[in-house]
Structure formats: C-alpha cells, structure tokens
2 protein chains.
Amino acid sequence: MTTDPYNIACTHGFIQSSCSDCNLKGLCLPIAMDIKDIDKVDNIIKRSRPIQAGEHIYRTGDGFTSIFAVRSGSIKTYLLDDDGVEQVTGFYLPGEILGFDGIGTEKHGCNVMAMETSTVCEIPFERIEELSLQIPVLQRHFFQLMSQQIEADHQMMLTLSKKNAEGRVATLLLSLSRRFGRRNLSPNSLRLPMSRMDIGNFLGLTIETVSRTFSRLQKEGLIKVDGREIHINDHKQLQSICHASK
Amino acid sequence: MTTDPYNIACTHGFIQSSCSDCNLKGLCLPIAMDIKDIDKVDNIIKRSRPIQAGEHIYRTGDGFTSIFAVRSGSIKTYLLDDDGVEQVTGFYLPGEILGFDGIGTEKHGCNVMAMETSTVCEIPFERIEELSLQIPVLQRHFFQLMSQQIEADHQMMLTLSKKNAEGRVATLLLSLSRRFGRRNLSPNSLRLPMSRMDIGNFLGLTIETVSRTFSRLQKEGLIKVDGREIHINDHKQLQSICHASK
DNA sequence: CGCCCCATTGAGACGGCTCAACTTGCGTGG
DNA sequence: CCACGCAAGTTGAGCCGTCTCAATGGGGCG
C-alpha cells in the first residue's frame, strides 16, 4: 500500500507512515521484535483513511480477512441478537487490537463501529499467518493477544455476573484509566469516548442507573464528573468498591 | 509418554492410545489434517491418569505450559477474585479444549477443576508452537479455536448482561444439548455434569433462582427435571425464551 | 429561537436476592 | 439394619437494587 496517499500525506498528527515510526508500536507489536521483522509486518499493513463517528469497519457476517489495530480515536464492538438487541462487547483505544472474532467461521461475528473520528491499521490475517510461520515471535505474539482478549472477557463475565452497579462502573473507569496511563496520558483525568448509552449497554445497566451511579460516586468524592470528562480523585477507594457484591 | 501405563492398559472405555484412534478427533483436531501430521501431534500429547471430581488440573498463577483437551468426564474453569468470590467461566465436555488463558502472561489466569472423574490430554504449548511453524493447518486450527472461545465468551456477556433467569437457563440447556448432540448423544435427554451451585454461579443467579426456574420450565412442559437428569420436550419454545429481556 | 439528543433526577414496579424451613439421597457408624 | 449427619436441592415470604416510565435540564446546530 505504498501508493496509499494517507501514508505520505500526513493529514493530521496521528497518521504514521510506518510501524517503526509509530509511537504505539510498543503496544501492538512484540517488544522483542527486530527492525527488519517490523518492516516485514509494516509492508502488509494497510493504513485507512479516517473513519467517521458512527461508521462501521465491518459487520456481522462480513467475510473475515483482517484484524485491525486502532491508531487514533476509539472503537466499539457489539453483537446484535435475532431480536435486534445490542450487546457492546468491547471498547478499543489506540494501540489495541480487535477483530479476533470470525477466524473460526471465516465470517465476522460482531459489528465494529467508530465512536469518534478514528484511524485504524488493517492487518490482513492470511499474510500474518504466512509471516508467523517465518517469525516465531510474531506467532507467539498473536497467540498472546488472543489469550489476553480471552482473559479480559472472563473478567468481564465476573463483572456482569457478580458486581452491582457501582462495582461495574468503577471497574470500567479503572480499566480506562489504566489504558490511558499506558499511553502516557493522565490516568486521573480522562475524557470518556463513549456515551452513557454505550456504557450502560456494555455493563448491563440502563443509562439511568449509570447516571445515578456517576452522581453517587461524585457525591462521595471519589470522582468528578462533567459530562464525558471524568476526574478520578481516589483510585484506592474506587478500587475497593470494584469487589463483587450484588 | 509411551511409558505411561494409561496408554497401554485401557482401564475403562474412554482411554485411547492415540489421536488417530480417538473418536473425538473430529472435535479437537482439524478435519483436513493428514495422518502423518496427526501422528506428529500425537507424539507430543501426554495422556493423564483419571482426575477425580474436585481435583484441580491447574490453578491461577501456575506456570503456563500446556493446554488441555477433555477426553472424558467434564471440567469447569473459574476465577477467584481478591475477596474469594468465585466466577465459573466455562464448562468443558469431551472433545473440547481449554487453557488458552495465560499464554500472554506465562501464568494461568484461572482455576480448572474436574466436576466428575475425567481424563484429559495435555498438549505442551511450546511444542504446538514449534509444530505450528511446520504445519500451517495446525497454526490456523489453534487461531480458530481461540477465536471460537472469544466468540463464545461474547455470547456469554450478552446472556449475563441482557437475559432474565429463564433466558439464561434456557440458553445453557440448549448449549449443552447442542454439544451433547455433536458427540452423537441424545440432544433431548441429558445428565447435567454440574451442580445447581455451578449453574447459578456461571449464569449470575443464586441456586434458589436456578431451582425455581427449572421448576417453572417443567410446569410449563418445556422440560422434565429429575435432579441432574434433564429431558427437553420442546426445543423450539426453549429457543424462543432465550431472547434478551430482563 | 426552537429543535433534538443526551443526560440527570424522581417515583413506583418488579425480578431476583436473602433468609429460612423442609425434603431427599447418600454415606457412616452404632 | 436403622439412626444419624451432611450436602444438595426445592419452596415460600419478604426485601432491595435496578428497571420502567416520566419530567426536566442543558448543549449543539440549523
């Protein structure tokens, strides 16, 4: 994709022309990978034009060909069941990788939508499989990424099954805080990329309950809420109400 | 492990000495795999002595070395959070593969316990990684297995987040029914391998609610319950109450 | 300005939880 | 052989947290 104008014309600050220049490579590529292998990966990656808020990257049933790394913005994945009920299954921030659904069936198993203007790196999976045969550390890396997804999903099952509204909201806030921190952003001041609707859907709560919970946490002084701007005043206490208790 | 007596002395009907003789190979190995490759896999697999009900195969924090295929019996996986609260994250039946947690961290991320006397095939993961470099169809297979695990976990998130007690129980029953059917057992008459406690824990319900729900489904004629013996009278109606609705 | 969407807050309803009593099946020991 | 204890499951009564429904507030945009 060296002819892709977005690789050359850097229309905004986030666009990078190669993985080795990308400040997110520590998040989405193996640390131990040497430069010429990074270049091999780099050569198969397609960098997208910006995706607008509300636009889909793929939908359930689309043929599976690629996985995606978030370069900028934020992405949600969600299921739609037969009755049209939506379940948000994950939020993805820059440096995080999504799209591991659908390898088994060759069809994607969920919908992927940008929550704000975003850019992604498209990584054709067949090419990754070929490369993985030559670069053991890359094969290992993708096994690890999928394993981490599985562990995160299991934690989410615990959250949905055993925690009350406060615990669920606090767990999400701390997860976002940690992931912001990993990108060298403040872990205490963050702007939620998702609506109350998406938060509630993800956490198995109504928007009213999410809103009331934010208000209560604010009244207790643990956080400061201003729309989507959240300031975390007391990480420890937030941690302590993450425990399971319905 | 050709010196393992359990490979030779077949103490009960389920023990098989090789993958190519195993009637579950259609479930845990790729269909398209040729015989000499199956033998290569076969050579790295360690077949265990029977594991008793309540015995652990591994626990959270144990070093990750292997994944496991269930050969007979039934297995549950569960998380323990800091307060000792348990979350059952999955039930595994013969032909199913578990243990994909912990590849990322090199430490297992959950606990694995036999729910009844069981046997498993231990598959050293580093050997699988080596073999996968030589046998592309095997690499693909393990990506597929992990992808399927992720999709199943996302369905579970929908179940926990959006369904009421009836929907959760019905969803579990139909999942078990389908998996029994895949092994050429009756999809209508099944013996639950797990206690009401485990069912409730998995589904985010108390045992009382599980019990009441079974009773209600029986009263409505959809199923017949006798302890752990379940007969499904009406698959279609059971399907129709699986929809999301809290 | 007026419209719409998102978020907040309140009042009442309801599903599942808690607590408690009782049943059943099973193994143990007298 | 029966008595007993124990674990697992069932059923009932009342409570509580979250949902539902409804009204209100605020910000962005034509």
Side-chain angles (χ1 to χ4, degrees), chain A residues 52-54 76 85-88 115-117 159-173 191-220 223-230 241 243-246, chain B residues 52-54 74 76 85-88 113 115-117 159-173 191-220 223-230 241 243-246:
Chain A
Q52 300 304 314
K76 71 168 177 178
V85 172
E86 183 176 326
Q87 173 64 43
V88 173
M115 295 190 292
E116 60 190 311
T117 304
T159 295
L160 291 172
S161 166
K162 299 287 188 296
K163 296 182 187 178
N164 62 14
E166 267 198 0
R168 295 182 200 195
V169 170
T171 301
L172 175 63
L173 288 180
R191 182 179 175 73
L192 299 175
M194 72 291 281
S195 65
R196 298 289 192 272
M197 185 79 120
D198 285 332
I199 294 175
N201 189 303
F202 181 59
L203 296 178
L205 302 169
T206 58
I207 54 171
E208 293 94 330
T209 299
V210 172
S211 184
R212 277 185 256 268
T213 304
F214 274 136
S215 298
R216 193 167 346 122
L217 292 178
Q218 177 166 241
K219 202 173 296 172
E220 292 164 358
I223 61 175
K224 170 93 181 63
V225 184
D226 177 17
R228 292 192 176 192
E229 297 290 343
I230 302 285
I241 62 169
H243 57 40
S245 80
K246 269 217 261 203
Chain B
Q52 299 304 314
S74 54
K76 72 168 177 178
V85 173
E86 181 175 328
Q87 174 64 43
V88 173
M113 181 193 278
M115 296 190 291
E116 60 190 311
T117 305
T159 296
L160 290 172
S161 166
K162 297 288 188 296
K163 296 182 186 179
N164 61 15
E166 268 199 358
R168 295 182 199 194
V169 170
T171 301
L172 175 62
L173 288 180
R191 182 179 175 75
L192 300 175
M194 71 290 282
S195 65
R196 298 291 192 272
M197 185 80 122
D198 285 333
I199 294 175
N201 189 302
F202 181 59
L203 296 177
L205 302 169
T206 57
I207 54 171
E208 293 95 328
T209 299
V210 172
S211 183
R212 277 186 256 269
T213 304
F214 275 136
S215 299
R216 194 169 344 122
L217 293 178
Q218 176 166 242
K219 203 174 294 172
E220 292 164 357
I223 60 175
K224 170 91 181 63
V225 184
D226 178 18
R228 293 191 176 192
E229 297 289 345
I230 304 283
I241 61 170
H243 57 38
S245 80
K246 271 216 263 204

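Within every chain, numbering begins at 1; the chains are lettered A, B, ... in the order of the sequence lines, protein sequences first and strands thereafter.
A salt bridge links B:Lys76 with B:Glu86: at least one charged nitrogen is closer than 4.0 Å to a carboxylate oxygen.
Taking atom CG of B:Leu203 as the reference point, atom C1' of C:dG16 lies 13 Å away to the nearest angstrom. In this structure, A:Arg216 places its CZ atom 13 Å from C1' of C:dT9, rounding to the nearest Å. Spacing between atom CE of A:Met197 and atom P of C:dC5 amounts to 11 Å, rounded to whole angstrom units. In this entry the distance linking CZ of B:Arg196 with C1' of D:dT10 reads 9 Å, nearest Å. Between B:Glu208 atom CD and D:dC15 atom C1' there is a gap of 14 Å when expressed in whole angstrom units. Atom CD in B:Glu229 sits about 13 Å away from atom P in D:dT10, given to the nearest Å. Distance CE (A:Met115) to C1' (C:dC6): 16 Å, rounded to an integer number of Å. In this structure, B:Asp226 places its CG atom 10 Å from P of D:dT10, rounding to the nearest Å.
No hydrogens or angles were tested; on distance alone, nothing pairs the side chain of B:Arg168 with the base of C:dG16 as donor and acceptor under 3.5 Å. Judged by distance alone with a 3.5 Å cut-off, a donor-acceptor contact links the side chain of B:Arg212 to the base of C:dT18.
A close approach under 4.0 Å does occur between a side-chain nitrogen or oxygen of A:Thr209 and OP1 or OP2 of D:dC19. At D:dT20, none of the side-chain N or O atoms of A:Thr206 fall inside 4.0 Å of OP1 or OP2 (strictly under the cut-off).
A heavy-atom distance below 4.5 Å is found between the side chains of A:Ser195 and A:Arg228. Considering only heavy atoms from C-beta on, B:Thr159 stays 4.5 Å or farther from B:Phe202 through its side chain.
Here C:dG16 is the nucleotide among D:dT10, C:dG16, D:dT18 with the atom lying nearest to any side-chain atom of B:Ala165.
Counting non-hydrogen atoms of other residues, nucleotides and ligands closer than 6.0 Å to CE of A:Met197 gives a total of 12 or fewer.
Separating the CD1 atom in B:Ile230 from the CG atom in B:Leu173 is a distance of 6.0 Å, to the nearest 0.5 Å.
If you check every strand for non-hydrogen atoms under 4.0 Å, A:Gly200 touches nothing.
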